[in-house]
Amino acid sequence: MKIPPVKGTRDFYPPDMVRRNWIIDGWKKVSVRNGFEEYDGPIFEYLKMFQIKSGDEIVEQLFSFEDRGGRDLALRPEITPTLARMVNQQINSLPKPIKWFSVPRLFRAERPQKGRLREFFQWNIDIIGADDNVLADAEVIFTTIDYLQEVGLSSKDVKVKMSSRKLLAAVLRNIGIPEDKHDALYTLLDKKAKLPPKTFTEMLDKQVHDSKQANKIKAFMELESVPHVEKMFSRDNEVVMANDELAEVRHRLDQMGVADYCIFDPSIVRGLAYYTGVVFEVHDVVGDLRAICGGGRFDNLLHDFGGPLIPATGMGMGDCVLQILFEQKGLIDKNLPEKQLDYFVATVDKPLNIGMADGVVEKTEEDIVVQLTAKLRLAGYFATFSYKAGGLSKQLKEASDRNAGKCIIIGEEFKNNQLVVKDMATGKQELVDYDKFLSGLKS
RNA sequence: GUGAAAGUAGCUCAGUUGGUAAGAGCACUGGAUUGUGGAUCCAGGGGUCGCGGGUUCGAAUCCCGUCUUUCACCCCA
């Protein structure tokens, strides 16, 4: 019986694995050089844990099961709750700020579509308990950009679109929208970029009946820079303060030299209610893909998980959309590390009797090949030989296919204790004394 | 959960109105080449045409169901 792979999962054959590792290694390298330490948690947790942050409707979107002791468990759809739990458990002994990163394998029981699968990897970086919120937000965004730059995505390819939940809330309050309508509005405003302008206007009018108010919201959503906000709402202290904060983050990013990646975009809202300050997403400039990553400030998170009120900010980037973008830009194959075989040990495949004249010791060429390959490996080289029966011609072809640097040929010369060492790039070959070759390996 | 399109070899695909159409290229294996690689030529293996049912003398082809994939919606942590 043939069993197909499960919907929304991926098989990683060796070439796919090379790509996956390239992405993940890049995430890790950039995290470390930006001062983040790696952590991880279990791949399943209590179902309850995922409901705290995201509510009951989330249960439908995740893989859950009951263990034999009747516990309701779920495969993790995100790692932030685990982070909150782990940090809360040791909150008093951890030096602040806590700068941690992780590359968890996550699971969501959604219907797969472009850039969304049921199993994927997501890079997470978080800064918890920093005294300077503005600097922490800037550092999270900088680290994100550092990675994008590292893999060859310039500010012409991708943009970090930033806004602020605090600012948006203050603006809505200033316009006179009652607090209980904010969450529903966030959901709509978050969709602005996706909807045709006419549809957006219609939907906005449905939620905000006063056309003056609706027009003000629309005017705010159209603003292209932070100074414009100040002009429009200069008398509202809350708006001004939230706006200043966003401007300070921009100023820091400017100092860090990555301002050309960043633009103010009031239509960046983020779906969930738990963001409390700066929010951002990275989008490709062409704009036909969903967000490459999303992040922002969530100062209530640890408190919601039974810990103290302590500021936090972070970012999550999945591997699915990223990989599509890399393919569009042709970035992966260009950057993959070349697989390099140091030595391929070949034989002429003739029986070769070596040893004392009286024939007490007898070795075949194959014995020499296996012994020499093992010696090379023990000395730290990437060495191999052929399993196939075939002439030298076949073996050289195999060495060439495997991108070998050098090929060692065991043949008649071995009777004089000599190897043929062939440089595969130049095609030149030389006779080398076996013992000298071996002693040369150790230096 | 809703809607649309698609499924033929490991991959990309062709297959005429339903009538010897089970096919090509790439990949893989072997040979030309018994001591010299990337090329070329030749040959070979590999498919219940996603699966099940129906219509028909006859189905890869038409109908129904189902599974899977892709895309969009819902949602997006």
Side-chain angles (χ1 to χ4, degrees), chain A residues 1-11 13 15 45 49-55 57-62 74-84 104 106-118 120 122 124 126 186-187 190-191 194-195 199 269-275 279 281 288-291 293-296 298 301 304 314-318 320-321 324 341 344 346-352 365 386-414 420-429:
Chain A
M1 186 157 82
K2 218 176 180 180
I3 311 273
V6 175
K7 181 205 287 272
T9 62
R10 286 172 289 180
D11 291 329
Y13 288 87
E45 295 267 8
M49 197 161 97
F50 300 115
Q51 294 170 293
I52 293 176
K53 195 182 118 195
S54 312
E57 61 289 359
I58 220 68
V59 175
E60 317 249 315
Q61 308 246 33
L62 46 76
L75 295 182
R76 62 187 181 190
E78 57 170 333
I79 203 173
T80 312
T82 303
L83 169 70
L106 303 178
F107 308 87
R108 296 180 185 175
E110 303 171 296
R111 188 173 280 202
Q113 55 185 291
K114 193 174 188 182
R116 276 173 87 175
L117 297 170
R118 299 174 114 180
F120 57 96
Q122 190 185 63
N124 282 253
D126 293 281
Y186 290 153
T187 310
D190 190 47
K191 284 178 191 157
K194 266 179 102 177
L195 296 170
T199 317
V269 182
R270 306 289 296 147
L272 272 226
Y274 84 137
Y275 287 101
V279 285
E281 290 178 359
D288 51 0
L289 295 177
R290 61 181 66 242
C293 87
F298 39 96
L301 183 77
D304 290 344
M315 182 283 298
M317 179 186 293
C320 299
V321 176
I324 294 170
L341 178 63
F344 188 97
T347 165
V348 174
D349 201 30
K350 264 185 182 171
L352 184 70
E365 285 193 355
S386 179
Y387 270 91
K388 291 170 201 159
L392 184 57
S393 176
K394 275 276 145 69
Q395 291 175 73
L396 281 168
K397 183 170 157 47
E398 191 175 337
S400 179
D401 287 344
R402 300 187 65 162
N403 202 19
K406 285 182 177 165
C407 192
I408 295 174
I409 301 165
I410 313 290
E412 286 291 325
E413 303 86 349
F414 201 82
V420 176
V421 179
K422 184 182 175 84
D423 185 302
M424 295 299 282
T426 63
K428 283 180 188 164
Q429 58 187 51

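FYI, side chains are in, hydrogens and waters are out, and symmetry mates aren't considered; it's all heavy atoms of this structure. Letters A, B, ... mirror the listed sequences (proteins, then strands); counts begin at 1.
Using a 4.0 Å heavy-atom cutoff across all strands shown, A:Thr80 reaches no nucleic acid atom at all. Across all strands shown, A:Glu110 has heavy atoms under 4.0 Å from base atoms, whether or not it also approaches the sugar-phosphate. As judged by a 4.0 angstrom heavy-atom cut-off over every strand, A:Arg270 is placed among residues touching the sugar-phosphate backbone only. A:Leu106 comes within 4.0 angstrom of nothing in the nucleic acid, heavy atoms only. Nucleic acid contact for A:Gly427: base, since at least one base atom lies under 4.0 Å from a heavy atom of the residue. At a threshold of 4.0 angstrom between heavy atoms, the contacts of A:Glu60 with the nucleic acid are absent. Looking at heavy-atom distances under 4.0 Å, A:Glu413 makes contact with a base.
Between the C1' atom of B:rU36 and the CD1 atom of A:Ile410 lies a distance of 14 Å, rounded to the nearest Å. The nearest whole Å value for the distance from the CD atom in A:Glu412 to the P atom in B:rG35 is 9 Å. B:rA77 atom P lies 14 Å from atom CG of A:Leu301, rounded to whole Å. A:Leu396 has its CG atom 12 Å from the P atom of B:rG35, to the nearest Å. Taking atom NZ on A:Lys394 and atom P on B:rC28, their separation rounds to 12 Å, with Å as the unit. Between A:Asp11 atom CG and B:rC11 atom P there is a gap of 12 Å when expressed in whole angstrom units. To the nearest angstrom, C1' of B:rC28 lies 13 Å from CD of A:Glu398. Atom P of nucleotide B:rG37 and atom CZ of A:Phe344 are separated by 14 Å, given to the nearest angstrom.
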Review item, nucleotides 39-42 of chain B N/O atoms under 3.5 Å of protein N/O:
none

Below 3.5 Å between N/O atoms, which protein atoms pair up with nucleotides 67-73 of chain B? Just atom names and distances, please.
unit_1	atom_1	unit_2	atom_2	d
B:rU69	OP1	A:Gly8	N	3.3
B:rC71	OP2	A:Lys114	N	2.9

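Atom CG of residue A:Leu62 and atom CZ of residue A:Phe50 lie 7.0 Å apart, to the nearest 0.5 angstrom.
Remark: A:Ile324 engages A:Lys114, A:Leu289, A:Gln328 in a side chain to side chain contact (heavy atoms under 4.5 Å, CB included) (not counting sequence neighbours). Qualifying salt bridge (charged side-chain N to carboxylate O under 4.0 Å, His left out) partners for A:Glu413, counting only residues two or more places apart in sequence or in other chains: none. Partners of A:Phe120 according to the ring-ring contact (aromatic ring centres under 6.0 Å, His included) rule, which considers only residues two or more places apart in sequence or in another chain, do not exist here. Under the rule for a side-chain hydrogen bond (donor to acceptor under 3.5 Å, both in side chains), the partners of A:Asn124 that lie at least two apart in sequence or sit in another chain are A:Gln122. The side-chain hydrogen bond (donor to acceptor under 3.5 Å, both in side chains) test applied to A:Glu45 returns A:Thr82, A:Arg85, not counting sequence neighbours. Judged as a side-chain hydrogen bond (donor to acceptor under 3.5 Å, both in side chains), and not counting sequence neighbours, A:Arg118 has no contacts. With sequence neighbours excluded, the residues satisfying side-chain hydrogen bond (donor to acceptor under 3.5 Å, both in side chains) with A:Arg76 are A:Asp40. Residues forming a side chain to side chain contact (heavy atoms under 4.5 Å, CB included) with A:Tyr13 (at least two apart in sequence, or on another chain): A:Asp11, A:Pro15, A:Asp16. Residues that satisfy the ring-ring contact (aromatic ring centres under 6.0 Å, His included) test with A:Phe298, not counting sequence neighbours, are A:Tyr274.
Distance noted for atom C1' between B:rU56 and B:rG19: 12 Å (whole Å). B:rA9 and B:rC49: their P atoms are spaced 10 Å apart (whole Å). When the C1' atom is compared between B:rA6 and B:rC51, the two are found 16 Å apart, to the nearest whole Å. Distance noted for atom C1' between B:rU17 and B:rC13: 23 Å (whole Å). Nucleotides B:rU12 and B:rG50 are separated by 14 Å at their P atoms, to the nearest Å. Across the P atoms, B:rA22 and B:rA59 are found 12 Å apart, a figure rounded to whole Å. Of the C1' atoms belonging to B:rU8 and B:rU48, the separation is 12 Å, rounded to the nearest Å. The same atom, P, is picked in B:rG53 and in B:rU61; the two are 14 Å apart, to the nearest Å.
Few gaps surround CD on A:Gln113; more than 12 heavy atoms of other groups in view lie less than 6.0 Å from it.
For A:Ser393 and B:rG37, the shortest distance from a side-chain N or O to OP1 or OP2 is below 4.0 Å.
Checking A:Lys422 against A:Lys53, the closest nucleotide of RNA chain B that is more toward the 5' end is the one next to A:Lys422.
For A:Lys191, the listed nucleotide lying nearest its side chain is B:rC75; candidates were B:rC75, B:rU29, B:rG35. For A:Arg116, counting side-chain heavy atoms from C-beta on, the closest listed nucleotide (B:rG31, B:rC76, B:rU36) is B:rC76.
With hydrogens and angles ignored, no donor-acceptor pair under 3.5 angstrom links the side chain of A:Gln395 to the base of B:rU36.
Contact check for A:Met424 versus A:Ser400: side-chain heavy atoms found under the 4.5 Å cut-off.
Of the charged side-chain nitrogens involved, at least one lies within less than 4.0 Å of a carboxylate oxygen, so that A:Glu78 and A:Lys53 count as a salt-bridged pair.
In this structure, a donor-acceptor pair under 3.5 Å is present between the side chains of A:Ser386 and A:Glu398.
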field: Dot-bracket line, read 5' to 3' along RNA chain B, where crossing pairs take [ ] and | marks a partner on another strand, Watson-Crick or G-U under 3.5 Å
entry: (((((((..((((.....[...)))).(((((.......))))).....(((((..]....))))))))))))....
